[in-house]
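In what follows, a single structure is set out as structure tokens and then discussed.
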Amino acid sequence: MSIQIQMIGTGSAFSKKYFNNNALVYADDFTLLIDCGITAPMALHQLNKTVQEIDGILITHLHADHVGGLEELAFQAKYLYNIKPKLFICSKLLPILWENSLKAGLSDGRGNKLEDFFEVIPIIENENTMITPSLNIEMIQTKHIPNKLSYSLFINDHIFYSADMQFDPDLLAQIHKERHCKTILHDCSLEEPGKVEVHASLSQLLTLPEQIQNKILLMHYGDNMEEFIEKTGSMSFIEQQKKYTII
Ligand SMILES: Nc1ccn([C@@H]2O[C@@H]3COP(=O)(O)O[C@H]3[C@H]2O)c(=O)n1
Ligand SMILES: [Zn+2]
Ligand SMILES: [Zn+2]
């Protein structure tokens with residue numbers, strides 16, 4: 001079954017040219033937002049979308065370019081539209097999201113909680129979770145910031161979505177060989193090697209075998225992306241706002 005992926009933003013954390021690297025996944029009757037960064041509300045607005053059209057939000061990790069827009073979407077959902085979107089998040093991240101990130105803005109001082117804004121659905125890592133009959137997600141822990149939980153995703157078993165992760169050629173080889181992934185969406189730092197160690201860099205990704213590179217769409221990139229067009233081997237940059245049908 002095919003799905004569509006639309007990056008509402010493809011930028012790195014501090015990009016001023018692209019919105020935060022967050023994605024809409026359209027599967028039959030369900031629209032899932034993967035991550036909701038600081039710029040996500042504006043990025044959705046530019047697509048003429050409101051939170052009413054988002055059935056669920058899935059969080060990969062707690063950096064602001066992945067959760068910084070949740071307060072606005074929570075208030076809009078509750079007070080503008082009186083709806084409760086589903087919130088999918090690994091159970092280990094759930095308490096940290098409320099206590100260390102959202103509580104300051106969302107709490108009403110009378111004991112309210114995350115469940116007052118979202119239908120919270122904890123996800124067990126490494127287990128296939130059915131989001132909707134035509135959309136399954138498996139979340140696996142990957143290396144990003146030392147000692148900070150971060151997850152990458154398998155979408156419908158054959159699409160790998162890195163979210164934010166360091167270069168892991170063994171994992172990518174395994175994904176290619178054993179999981180038969182057809183498409184890999186991978187974050188890509190365009191900084192010179194050694195400057196940003198918490199994302200895979202273009203120079204690292206270019207060391208991958210050709211048959212893996214040609215599955216890779218590069219995302220989470222810096223404002224200087226256009227300088228690197230045609231310099232990405234068999235990989236290509238995913239475009240912000242463009243819809244990609246992935247079978
Ligand atoms: N140890 C760290 C932690 C953070 N960072 C930068 O901060 C950004 C947070 O969002 P991100 O998209 O994960 O990218 C991180 C690095 O740019 C970094 O470069 N090194
Ligand atoms: Zn990020
Ligand atoms: Zn991050």
Side-chain angles (χ1 to χ4, degrees), residues 5-25 32-44 57-73 87-90 92-102 104 123 125 137 139-155 159-168 171-172 184-205 216-225 227-228 232 235 237-241:
I5 293 183
Q6 180 180 36
M7 301 304 298
I8 66 169
T10 55
S12 53
F14 313 132
S15 170
K16 298 298 175 278
K17 188 172 173 186
Y18 305 103
F19 291 121
N20 294 158
N21 196 82
N22 308 157
L24 285 171
V25 178
L32 177 73
L33 176 62
I34 299 177
D35 289 331
C36 180
I38 300 161
T39 66
M42 179 60 84
L44 290 169
I57 303 168
L58 181 141
I59 300 300
T60 62
H61 69 297
L62 303 184
H63 276 147
D65 60 318
H66 300 264
V67 297
L70 276 176
E71 178 178 307
E72 178 171 342
L73 259 60
L87 181 67
F88 300 93
I89 181 167
C90 266
K92 289 181 192 170
L93 279 179
L94 186 48
I96 312 168
L97 174 67
W98 176 252
E99 289 301 326
N100 300 60
S101 178
L102 296 180
I123 289 196
E125 62 187 64
I137 298 272
M139 299 189 80
I140 62 166
Q141 230 182 86
T142 44
K143 281 187 284 219
H144 177 28
I145 310 288
N147 310 312
K148 192 181 185 68
L149 272 180
S150 190
Y151 293 90
S152 301
L153 316 175
F154 286 103
I155 303 170
I159 300 163
F160 181 72
Y161 185 94
S162 67
D164 289 8
M165 64 180 268
Q166 297 177 26
F167 185 54
D168 189 339
L171 175 65
L172 294 173
I184 297 171
L185 287 89
H186 208 300
D187 59 325
C188 171
S189 167
L190 299 173
E191 306 292 337
E192 60 272 12
K195 194 164 173 210
V196 174
E197 300 294 344
V198 294
H199 292 282
S201 69
L202 179 58
S203 47
Q204 289 170 322
L205 292 163
I216 294 180
L217 290 168
L218 301 167
M219 61 180 188
H220 204 294
Y221 43 71
D223 290 356
N224 56 345
M225 178 272 279
E227 295 166 24
F228 293 85
T232 57
M235 303 176 284
F237 289 111
I238 197 166
E239 279 177 54
Q240 181 166 285
Q241 296 196 346

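First listed ligand is number 1; within each ligand, the first listed atom is number 1. In this text, all values refer to a predicted model and were calculated from it rather than measured experimentally.
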| task | Note the single closest protein heavy atom to atom 19 (O) of ligand 1, along with its residue, its atom name and the distance in Å. | result | Val198 CG2, 3.9 Å

| query | What residue and heavy atom of the protein are closest to atom 8 (C) of ligand 1, and at what distance? | reply | Phe14 CZ, 3.7 Å

| said: With a cutoff of 4.0 Å, is His199 in contact with ligand 1, counting heavy atoms of the residue only? | reply: yes

| field | Parallel, tilted or perpendicular: ring planes of Phe160 versus His186, cut at 30 and 60 degrees | value | tilted

| query | His220 heavy atoms, cut-off 4.0 Å: which ligand 1 atoms fall inside? | reply | 12 (O)

| So, for Phe228 and Phe237, is the gap between ring centers shorter than 6.0 Å? | no

| query | Ser201 side chain to Gln204 main-chain N or O, any donor-acceptor pair under 3.5 Å? | reply | yes

| note | Atom name of the N, O or S atom of His66 nearest to the Zn ion (ligand 2) is NE2

| request: Check whether any N, O or S atom of Asp65 sits under 2.8 Å from the Zn ion (ligand 2). | output: yes

| task | Nearest 10° is fine: what angle sits at the Zn ion (ligand 3) between ND1 from His63 and OD2 from Asp164? | result | 160°

| query | So which heavy atom on Thr10 is nearest to which on Glu239, and how close? | reply | CG2-C, 3.9 Å

| note | Numbered in order shown, the ligand 1 atoms found under 4.0 Å of a heavy atom of His144 are 13 (O)

| message | Heavy-atom distances under 4.0 Å decide this one: backbone, side chain, both or neither, for Ile145 against ligand 1? | response | side chain

| said: For a quick test of reading the model, state the closest non-hydrogen atom pair linking Asp187 to His199 and the distance between them. | reply: OD2-ND1, 2.6 Å

| task | Examine all N, O or S atoms of His61, backbone included, and report whether one is under 2.8 Å from the Zn ion (ligand 3). | result | yes

| For the residue pair Leu70 and Cys36, what are the closest heavy atoms and their distance? | N-SG, 3.7 Å

| query | Has His220 got an N/O/S atom less than 2.8 Å from the Zn ion (ligand 2)? | reply | yes

| request: Decide whether an N or O pair under 3.5 Å exists between His63 and ligand 1. | output: yes

| field | Per-residue contact class, Asp65 against ligand 1 - non-hydrogen pairs under 4.0 Å | value | side chain

| field | side-chain hydrogen bond (donor to acceptor under 3.5 Å, both in side chains) between Asp164 and Ser150, intermediate numbers included | value | CA-CA 7 Å; Asp164 289 8; Ser150 190; over 6 Å; no

| message | Tell me whether the rings of His144 and His63 are parallel (<30°), tilted (30 to 60°) or perpendicular (>60°). | response | perpendicular

| request: Assess the side chains of Asp65 and His220: does a donor N or O sit below 3.5 Å from an acceptor N or O? | output: yes

